[in-house]
J.: 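Below you will find the structure I want to go over with you.
FYI, side chains are in, hydrogens and waters are out, and symmetry mates aren't considered; it's all heavy atoms of this structure. Note that the structure is predicted; figures quoted are calculated from it, not measured.
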There are 2 protein chains.
Amino acid sequence: MPESLRRFKADIFQALAHPTRIAIIELLEEGELSAGELIEKLGMEQANISQHLAVLRAKQLVVNRKAGNQVFYSVRDPIINKVLALMRRYFQKHLKETLELLDEMDGSTVPSGR
Amino acid sequence: MPESLRRFKADIFQALAHPTRIAIIELLEEGELSAGELIEKLGMEQANISQHLAVLRAKQLVVNRKAGNQVFYSVRDPIINKVLALMRRYFQKHLKETLELLDEMDGSTVPSGR
DNA sequence: TATGAATATTCGAGCCTTCGCATATATTAT
DNA sequence: ATAATATATGCGAAGGCTCGAATATTCATA
């Protein structure tokens with residue numbers, strides 16, 4: 001497999017390699033949402049979300065549809081949803097180690113039992 | 001879903017977001033290989049491959065087994081292979097647009113046309 | 001213990017990404 | 001044309017990632 005194709009895949013993973021963008025895709029799994037709705041649900045800066053949407057658009061992970069003065073986004077291909085679903089399965093399968101990893105990587109997340 | 005879990009997923013995607021690391025995982029799909037064999041097959045700097053292996057290890061995408069003075073690597077969970085297989089399907093499905101994307105993103109990949 | 005082979009780690013420079021802020025564009029209504 | 005709302009884009013600082021070179025570590029063998 002040529003390097004350029006690997007870079008193409010790598011770029012898609014790169015687009016998914018941000019918590020906010022994962023949140024966006026996961027919100028869109030249930031159906032299309034306007035930029036404004038995404039901003040509201042995520043509770044982040046408008047410009048910030050818009051930039052992340054631009055990244056997802058550039059890699060064509062999402063498509064947008066204009067309606068009036070709003071722009072609605074949706075996931076371009078359900079394969080992407082399947083990828084995220086697989087990741088959820090992976091996460092559940094390795095839950096214990098995941099929690100330990102999260103603990104190591106970020107002390108603020110896993111204090112005591114709970 | 002809490003932010004920490006999204007970051008966990010994002011970190012895994014981040015680990016996959018590099019052409020060399022994708023090449024490593026794809027080589028390992030067919031069975032375990034030693035670090036030296038990977039270096040040879042990939043034709044890159046030893047230190048470079050070792051660093052990428054360290055990233056994959058840190059995110060637990062690969063596991064390693066020591067035998068003598070060699071270290072053999074293999075993919076930890078076939079789910080990861082499935083993810084890459086899905087990406088191959090995604091690529092094939094959108095081949096045309098992919099080529100256009102590659103063209104836009106990196107002029108060196110597409111010879112003729114424009 | 002010393003030596004060589006295999007692998008890992010550290011360090012610094014350059015590059016890319018992310019965020020916040022400001023500004024620009026587009027659409028609708030008045 | 002102007003105001004109001006929705007969305008996008010440009011810019012700069014801070015932080016993170018990648019590479020190559022040098023160094024360190026581990027193991028087998030003598």
J.: Separation of B:Phe13 atom CZ from C:dT17 atom P, in whole Å?
T.: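 Checked: the CZ to P distance equals 18 Å.
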
J.: Using OP1 and OP2 only, check whether a side-chain N or O of B:His18 sits under 4.0 Å from C:dC16.
T.: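 Answer is no, no contact under 4.0 Å.
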
J.: Whole angstroms only, please: what is the CZ-P distance between A:Arg7 and D:dT18?
T.: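 Going from A:Arg7 (CZ) to D:dT18 (P), I get 14 Å.
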
J.: Rounding to a whole Å, what distance do you find between B:Leu42:CG and D:dG20:P?
T.: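 That distance rounds to 13 Å.
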
J.: Could you tell me the separation between the CZ atom of B:Arg21 and the C1' atom of D:dC19, rounded to a whole number of Å?
T.: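 So the two atoms are 12 Å apart, to the nearest Å.
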
J.: Any side-chain heavy atom of A:Val83 within less than 4.5 Å of one from B:Phe13?
T.: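 Answer yes - side chains close enough.
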
J.: Does this structure show an ion pair linking A:Lys41 with A:Glu30, if we count only N-O contacts that are shorter than 4.0 Å?
T.: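 No salt bridge links A:Lys41 with A:Glu30.
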
J.: Can you confirm whether A:Ile25 sits close enough to A:Asn81 that some side-chain heavy atom of one is under 4.5 Å from a side-chain heavy atom of the other?
T.: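 A side-chain contact exists here, since the closest heavy-atom pair is under 4.5 Å.
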
J.: Please produce a list of atom pairs where a protein N or O lies less than 3.5 Å from an N or O of nucleotides 6-14 of chain D.
T.:
residue : atom : partner : partner atom : Å
D:dA6   : O3'  : A:Asn69 : O            : 3.4
D:dT7   : OP1  : A:Val71 : N            : 3.2
D:dT7   : OP2  : A:Gly36 : N            : 2.6
D:dA8   : OP1  : A:Tyr73 : OH           : 2.5
D:dA8   : OP2  : A:Ser50 : OG           : 3.2
D:dA8   : N7   : A:Gln46 : NE2          : 2.8
D:dA8   : N6   : A:Gln46 : OE1          : 3.3
D:dG10  : O6   : A:Gln51 : NE2          : 3.1

J.: With heavy-atom distances below 4.5 Å as the criterion, would you say the side chains of B:Lys9 and B:Ile12 are in contact?
T.: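 Not in contact.
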
J.: Nearest-nucleotide wise, let me know which of A:His52 and A:Lys66 is further upstream toward the 5' end of DNA chain C.
T.: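 So the residue in question is A:His52.
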
J.: Side chains of A:Tyr90 and B:Arg76: does their closest heavy-atom pair fall under 4.5 Å?
T.: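 Of all side-chain heavy-atom pairs linking B:Arg76 with A:Tyr90, at least one is under 4.5 Å.
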
J.: Measure the distance from CG on B:Leu16 to P on D:dC17 and round it to the nearest whole Å.
T.: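 It is 15 Å, rounded to the nearest whole Å.
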
J.: List in chain and number order the residues that pass salt bridge (Lys or Arg N to Asp or Glu O under 4.0 Å) with A:Arg65, two or more places apart in sequence or in another chain; answer none if no residue qualifies.
T.: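 For A:Arg65, the residues satisfying salt bridge (Lys or Arg N to Asp or Glu O under 4.0 Å) (neighbours in sequence not counted) are A:Glu32.
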
J.: Find which nucleotide of DNA chain C each of A:Thr20 and A:Gly68 is nearest to by heavy atoms, and output the residue with the more 5' nucleotide.
T.: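 Result of the comparison: A:Thr20.
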
J.: Using whole Å, what does the distance between atom C1' of nucleotide D:dC17 and atom NZ of B:Lys59 come to?
T.: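 These atoms are roughly 11 Å apart.
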
J.: Tell me: CD1 of A:Ile49 to C1' of C:dC19, nearest whole Å?
T.: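 So the two atoms are 12 Å apart, to the nearest Å.
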
J.: What is the separation between atom CE on A:Met44 and atom P on C:dC21, rounded to the nearest whole Å?
T.: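 Between P of C:dC21 and CE of A:Met44: 13 Å.
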
J.: Which pairs of donor and acceptor atoms, one on a side chain in residues 17-24 of chain A, lie under 3.5 Å apart (sequence neighbours left out)?
T.:
residue : atom : partner : partner atom : Å
A:His18 : ND1  : A:Thr20 : N            : 3.1
A:Arg21 : NE   : A:Ala15 : O            : 2.5
A:Arg21 : NH1  : A:His52 : ND1          : 3.0
A:Arg21 : NH2  : A:Gln14 : O            : 3.3

